[in-house]
Protein chains: 2
Amino acid sequence: MGLEEEIKQKEFKNKQQRAFLNLIFTAGHLSLAQTRFFKPYHLSAQQYNVLRILRGQNGNPVTIGLIQERMLDIQSNASRLIDKLEEKKLVLRIVCPKDKRQMDITITQDGLEILKELDDKLDSNENRIILTDQEADTLNDLLNKIREKNNRQYAPDASGGNKK
Amino acid sequence: MGLEEEIKQKEFKNKQQRAFLNLIFTAGHLSLAQTRFFKPYHLSAQQYNVLRILRGQNGNPVTIGLIQERMLDIQSNASRLIDKLEEKKLVLRIVCPKDKRQMDITITQDGLEILKELDDKLDSNENRIILTDQEADTLNDLLNKIREKNNRQYAPDASGGNKK
DNA sequence: ATTAAATATATGTATATACATATAAAATAG
DNA sequence: CTATTTTATATGTATATACATATATTTAAT
């Protein structure tokens with residue numbers, strides 16, 4: 001079903017607007033699907049993302065800042081995410097002895113296990129993006145292009161207006 | 001900058017995974033940009049979306065349900081969104097006389113004016129998706145394709161697992 | 001060394017999201 | 001016509017997001 005039917009809107013200002021709305025719309029769907037996928041594990045997609053980052057370090061501790069930097073969700077509060085993961089005993093957080101401002105975060109055995117379980121489950125579903133290699137590349141390129149423009153226009157401090 | 005540099009991850013399982021992550025990542029950026037764009041007007045992107053739906057009705061009242069149906073964000077709480085818009089006097093909400101369960105929502109003059117202002121501002125920025133017509137079409141098609149698969153796999157009630 | 005600036009992380013707060021449940025009115029069944 | 005089911009909307013609640021601000025520690029300046 002095309003975007004037009006889904007949101008019952010026939011008219012778009014131009015193809016760019018339609019693609020933009022479709023992007024927001026589709027991402028919303030995917031992110032809801034993700035939320036639902038992770039829910040039975042009492043994890044959010046973000047938390048899963050953090051666990052993967054940690055696993056990627058092969059046991060080396062990682063700071064909150066580094067996690068923040070690598071997260072998909074740019075405004076995410078890594079500190080509170082780690083809180084949640086720590087509560088669930090999926091990560092360990094200790095003060096870095098070299099620099100007491102920093103926290104050394106590592107993934108626990110429990111964390112690794114839940115990741116394993118999720119990976120298996122995701123494998124069987126990961127073909128949820130059912131695109132050919134070429135299509136996936138095209139999509140990837142188009143998204144990069146959009147972000148490139150977007151980054152210039154909406155830099156972190158560009159408020160985009162200042163009405164009252 | 002490609003996704004690889006932005007999230008400092010060189011390895012993806014496959015092109016599909018990279019495209020999927022890029023989609024989530026890019027949408028996050030766009031939606032943050034939207035949030036910031038609307039902030040000076042004390043509106044959210046969703047609220048703007050609702051106002052546009054209302055304007056599209058040319059003065060005919062619209063029910064909460066219809067708004068919900070047309071919204072980009074599928075799980076959005078139209079009822080509470082209308083609350084906010086009513087507080088700001090941008091919409092009018094009255095009980096429908098024909099069916100007292102329903103609410104008749106209409107956009108106010110204030111609502112129309114703020115929309116006009118935003119439209120102008122958006123016009124000058126709407127080229128933020130700087131794609132050719134052909135690229136925009138391609139993107140649109142790819143997104144539809146993704147959603148199509150996704151809809152089948154993650155139907156509203158498909159929990160996707162049921163661990164504790 | 002002492003004060004100021006920078007950095008890493010945490011916390012407060014207002015709003016939004018996801019979802020379950022409640023309330024009220026209308027439609028339908030008997 | 002009364003009881004039941006369905007529909008339209010609202011509310012409660014736990015969690016997440018955006019962002020401003022606070023705290024602690026290190027680095028730099030004088």
Side-chain angles (χ1 to χ4, degrees), chain A residues 24 27-29 31-50 61-69 71-88 93-105 154 156-160, chain B residues 24 27-29 31-50 61-69 71-88 93-105 154 156-160:
Chain A
I24 297 290
H29 273 254
S31 115
L32 180 58
Q34 280 193 101
T35 301
R36 287 179 177 158
F37 177 86
F38 289 116
K39 177 152 263 184
Y41 300 88
H42 305 286
L43 279 183
S44 67
Q46 299 279 9
Q47 288 170 11
Y48 171 72
N49 187 211
V50 171
V62 159
T63 64
I64 302 275
L66 189 130
I67 293 170
Q68 183 85 47
E69 199 174 81
M71 291 202 48
L72 289 177
D73 213 315
I74 203 161
Q75 275 291 351
S76 207
N77 199 327
S79 189
R80 265 189 278 237
L81 274 170
I82 296 293
D83 276 354
K84 301 290 170 173
L85 292 172
E86 198 185 16
E87 273 170 28
K88 294 173 208 156
R93 160 163 51 184
I94 60 172
V95 173
C96 172
K98 311 252 173 188
D99 182 342
K100 290 183 207 144
R101 289 170 306 181
Q102 287 185 183
M103 291 309 228
D104 280 346
I105 317 292
Y154 293 90
D157 59 327
S159 86
Chain B
I24 297 289
H29 272 254
S31 116
L32 180 58
Q34 280 192 102
T35 300
R36 288 179 177 161
F37 177 85
F38 289 116
K39 178 151 263 185
Y41 300 88
H42 306 285
L43 280 182
S44 68
Q46 299 279 9
Q47 289 170 10
Y48 171 72
N49 188 211
V50 170
V62 159
T63 65
I64 302 274
L66 189 131
I67 294 170
Q68 182 85 48
E69 200 175 80
M71 290 202 49
L72 289 177
D73 213 315
I74 203 161
Q75 275 291 351
S76 206
N77 198 327
S79 189
R80 265 190 278 236
L81 273 171
I82 296 293
D83 275 354
K84 300 290 171 173
L85 291 172
E86 198 184 16
E87 274 170 26
K88 295 174 207 157
R93 159 161 52 183
I94 60 174
V95 174
C96 172
K98 311 250 174 190
D99 182 339
K100 290 185 207 143
R101 287 172 305 181
Q102 287 185 182
M103 290 310 228
D104 280 346
I105 317 293
Y154 292 90
D157 59 325
S159 86

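Excluded from the calculations below are hydrogen atoms, water molecules and symmetry mates; all remaining heavy atoms, backbone and side chain alike, are included. Here is how names work: the chains are called A, B, and so on, in the same order as the sequence lines, proteins then strands, and each is numbered from 1.
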Novice: DNA chain D: B/G28 or B/L66, which has the more 5' nearest nucleotide?
Specialist: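 First, find each residue's nearest nucleotide; the 5'-ward one identifies B/L66.
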Novice: Starting from the 5' end of DNA chain C, give me the residue, A/L32 or B/K100, whose nearest nucleotide shows up first.
Specialist: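 Between the two, 5'-proximity favours A/L32.
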Novice: Can you say whether a donor on the side chain of A/R101 sits under 3.5 Å from an acceptor on the base of C/dT7, or the other way round?
Specialist: yes
Novice: Using the test salt bridge (charged side-chain N to carboxylate O under 4.0 Å, His left out), find all partners of A/R80 that sit at least two apart in sequence or belong to another chain.
Specialist: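 Not a single residue meets the salt bridge (charged side-chain N to carboxylate O under 4.0 Å, His left out) criterion with A/R80.
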Novice: If you compare all heavy atoms of B/I64 against all heavy atoms of B/A78, which two are closest, and at what distance to 0.1 Å?
Specialist: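 Closest approach of B/I64 to B/A78: CG2-CB, 3.8 Å.
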Novice: If you assign each of A/C96 and A/Q46 to its closest nucleotide in DNA chain D, which residue comes earlier from the 5' end?
Specialist: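 Its nearest nucleotide lies further toward 5', so the answer is A/Q46.
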Novice: Name the residue closer to the 5' end of DNA chain C, choosing between A/D83 and A/T35 according to the nucleotide with the nearest heavy atom.
Specialist: A/D83
Novice: Okay, side chain of B/Q102, backbone of B/T63: is any donor-acceptor separation there less than 3.5 Å?
Specialist: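 Pair absent, no side-chain N/O of B/Q102 close to backbone of B/T63.
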Novice: Mind listing the closest non-hydrogen atom pair of A/L81 and A/S44 along with its distance?
Specialist: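 It is CD2-OG, 4.3 Å.
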Novice: Of all nucleotides in DNA chain D that come within under 4.0 Å of a heavy atom of chain A, which is furthest toward the 5' end and which toward the 3' end?
Specialist: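 With heavy atoms of chain A under 4.0 Å away, the range is D/dA16 to D/dT26.
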Novice: side-chain contact (heavy atoms from CB on, under 4.5 Å) with B/R93: which of B/I105, B/D104, B/L85?
Specialist: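 Passing option: B/I105.
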Novice: Can you see which heavy atom on B/H42 is nearest to which on B/Q47, and at what distance?
Specialist: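 Shortest heavy-atom contact: O-OE1, 3.8 Å.
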Novice: Looking across every strand, which nucleic acid part, if any, lies under 4.0 Å from B/Q47 by heavy atom: base, sugar-phosphate, or nothing?
Specialist: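 Sugar-phosphate only.
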